Amino acid sequence: MSQGKMKEDDISYANVKRNDHVLLDIVKEEEEDLVQSIDEKMKNISSFHRINRVPKELRKGSEYSYSPKLVSIGPFHHGVDNLKTMEEYKWCYLNTLVSRKTINTQTILENCVKTLRNLEDKARKCYGENTIDQIGSNEFVQMMLLDSGFLIEVFIKFALKGFRRRDDTLFSNYEKFYHLRCDLILFENQIPFFILHQMFHLVPIPKECTYSLIQLALLFFRKLIPGEGLVTIGKFGPNVHHLLDLIHHCYLPTSPQIHSNGTEKHMYNVLHLHDIGIKFKKAISDSVMNVRFTKDKVLEIPLLKLHNYSEILFKNMVAMEQCDTFKSGTKHVTSYVYLMKSLVRSADDASYLRQREILNSSLYNDEEIFQLMLRLHVEHFDVMDFYYSGLCEKVDGYKNKTKWKECCQKISYVYKKTAKRISC
């Protein structure tokens with residue numbers, strides 16, 4: 001082979017090799033782009049429209065249960081006139097949080113702003129309303145920084161009394177603290193939990209605070225959580241959407257759902273069930289929603305403590321389930337509220353459950369408990385979404401058997417009397 005021919009072959013081989021490398025690089029780049037695209041879609045969809053406005057049909061006559069009285073969190077009530085006085089508090093709390101250590105405050109803020117800027121698009125997608133598009137990028141990032149910093153500092157001050165000032169009215173004034181806690185559980189008054197989580201790991205948390213973010217939040221809301229607030233952290237998956245969702249997790253049932261034909265959503269009231277022979281007993285359970293009907297014809301219901309947060313909390317958890325973007329099926333809290341409303345249809349029903357320590361309240365008497373149940377408005381929902389459908393079917397089956405027994409006894413009685421008359 002001539003030397004010229006060899007050089008041509010070498011050049012040709014080199015070109016092929018180079019083209020192969022280029023092709024491999026292109027394929028690799030396309031795969032990386034695809035993986036990144038899939039990853040972004042998964043992350044975005046997990047929190048897509050998880051915070052919404054409460055539907056008008058739920059708000060009717062109950063506006064006070066869904067709108068903040070003291071502080072706005074997130075964009076829906078941002079800038080509302082009667083909430084502006086708390087903005088100074090937020091800035092003071094943020095300043096305390098980021099200035100607690102000798103690290104350069106500006107560096108901390110730069111890291112926070114950079115992180116929140118990267119999360120801005122994902123955070124915006126959490127809100128199910130186009131009006132937040134009117135909030136500019138800088139204002140939105142500042143709002144997320146201010147609100148998340150305020151919440152983290154509130155949790156720290158609650159957990160560690162030594163970090164509170166004596167003249168801090170948020171903690172020294174009972175009415176203010178009550179409104180603060182109420183405002184932080186409103187469905188419309190939330191920021192994404194991943195924002196709180198990222199901020200918690202960027203700001204200087206005092207060494208005295210050994211709690212995780214979830215532990216701090218559960219500590220702050222412990223009065224609202226059934227079972228004395230004793231909740232294991234393992235109960236929470238990685239996809240907690242916001243603070244109300246965190247509390248909602250604490251109410252979810254832990255026992256398997258009773259098999260249902262999906263036909264029954266009716267439950268009789270307590271006294272009616274008692275009259276046909278069904279007994280009631282306080283259940284010892286790790287979830288307030290683990291209601292069951294035993295073979296001994298006993299309805300076992302865990303203790304429900306009613307306090308001054310109960311109405312607002314249940315209404316907002318129901319609203320959250322009604323606004324479920326993905327229509328993910330069983331509406332647990334809505335089902336529970338519907339069941340308890342069905343059981344308590346009078347002050348006498350409430351009294352009967354109080355006597356059996358199933359209902360407990362130092363705040364409400366029997367009539368007030370009944371009125372509270374009436375105010376827990378539940379929109380019509382599909383029987384397939386009703387967690388207690390199987391339970392209702394079992395109770396209804398027992399009622400029908402009881403009716404049939406009574407009917408048979410009456411027929412037997414009439415037959416015996418008729419036979420006696422004929423024999424005479």
Side-chain angles (χ1 to χ4, degrees), residues 64 67-106 108-109 112 116 142-186 188-191 193 195-225 228-229 242-244 246-247 307-309 312-313 316 363:
Y64 70 93
S67 298
K69 312 292 182 301
L70 183 69
V71 62
S72 72
I73 299 293
F76 287 156
H77 297 275
H78 178 65
V80 174
D81 287 342
N82 67 309
L83 305 175
K84 283 182 178 177
T85 54
M86 274 299 294
E87 294 303 298
E88 277 189 37
Y89 260 98
K90 288 186 188 178
W91 283 109
C92 288
Y93 270 44
L94 177 64
N95 180 55
T96 301
L97 180 67
V98 299
S99 308
R100 186 163 277 130
K101 291 189 177 180
T102 55
I103 303 170
N104 189 324
T105 301
Q106 191 169 347
I108 295 170
L109 289 173
C112 289
L116 291 174
Q142 179 177 288
M143 177 182 66
M144 288 288 127
L145 172 63
L146 189 59
D147 290 354
S148 59
F150 170 72
L151 288 172
I152 291 168
E153 185 62 17
V154 163
F155 293 160
I156 290 172
K157 288 184 188 301
F158 182 83
L160 305 169
K161 292 182 181 180
F163 285 80
R164 303 178 203 167
R165 285 176 57 94
R166 288 187 182 180
D167 59 352
D168 188 338
T169 56
L170 273 186
F171 289 92
S172 60
N173 183 307
Y174 173 80
E175 188 177 355
K176 257 194 174 179
F177 183 78
Y178 169 73
H179 286 308
L180 170 67
R181 203 184 243 159
C182 283
D183 286 353
L184 299 190
I185 60 174
L186 301 180
E188 293 185 354
N189 215 35
Q190 302 293 324
I191 60 171
F193 198 80
I195 295 288
L196 277 173
H197 183 264
Q198 289 287 344
M199 283 289 293
F200 188 75
H201 291 91
L202 288 173
V203 296
I205 303 298
K207 66 178 185 300
E208 293 87 348
C209 180
T210 57
Y211 301 105
S212 68
L213 175 61
I214 285 182
Q215 287 173 321
L216 282 172
L218 291 176
L219 194 61
F220 182 81
F221 292 116
R222 65 184 171 189
K223 188 177 179 182
L224 286 66
I225 296 168
E228 308 299 330
H242 43 73
L243 292 176
L244 178 62
L246 179 71
I247 299 170
H307 43 69
N308 52 351
Y309 297 97
I312 288 175
L313 178 60
N316 279 273
L363 185 66

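Please read all numbers here as calculations on a predicted model, not as lab measurements.
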Approximate separation, where rounding is to 0.5 Å, of [X] [atom1] and [Y] [atom2]:
X	Y	atom1	atom2	value
T210	Q215	OG1	CD	7.5 Å
E87	M143	CD	CE	10.5 Å
F193	Q198	CZ	CD	11.5 Å
M144	C112	CE	SG	14.0 Å
Y89	L170	OH	CG	5.0 Å
N95	R100	CG	CZ	10.0 Å

Looking at [X] and [Y], what are the two nearest heavy atoms and their distance?
X	Y	result
I156	P206	CD1-CD, 3.9 Å
I185	N316	O-CB, 3.7 Å
L97	G149	CD2-O, 3.6 Å
I312	L186	CG2-CD2, 3.7 Å
P68	N82	O-ND2, 4.3 Å
S72	K90	O-NZ, 2.6 Å

- With M199, which of V98, L151, I152 fulfils side chain to side chain contact (heavy atoms under 4.5 Å, CB included)? I152
Could you check whether any side-chain heavy atom of [X] comes within less than 4.5 Å of a side-chain heavy atom of [Y], counting everything from C-beta outward?
X	Y	answer
H242	I73	no
D147	I195	no
L218	Y211	no
K223	N308	yes
L94	V203	no
F200	I205	yes
L244	L313	yes
F163	T96	no

Could you tell me whether the side chain of [X] and the main chain of [Y] form a donor-acceptor pair under 3.5 Å?
X	Y	result
E188	P75	no
N189	V71	yes
S148	L145	yes
Q190	G74	no

Around atom [atom1] of [X], are there more than 12 heavy atoms of other residues, nucleotides or ligands at under 6.0 Å?
X	atom1	result
R165	CZ	no
E208	CD	yes
H78	NE2	yes

- Look at the rings of Y178 and Y309 and say which category their plane angle falls in: under 30° parallel, 30 to 60° tilted, over 60° perpendicular. tilted
- Where does the angle between the aromatic ring planes of F220 and F158 fall among parallel (under 30°), tilted (30 to 60°) and perpendicular (over 60°)? perpendicular
- Task: Mind running side chain to side chain contact (heavy atoms under 4.5 Å, CB included) on S67 and V80 for me, showing each step along the way?
- Result: CA-CA 11 Å; S67 298; V80 174; over 6 Å; no
- Task: For K157, check salt bridge (charged side-chain N to carboxylate O under 4.0 Å, His left out) against everything at least two apart and list the hits.
- Result: E153
- Thinking salt bridges, do K69 and D183 make one under a 4.0 Å N-O criterion? no
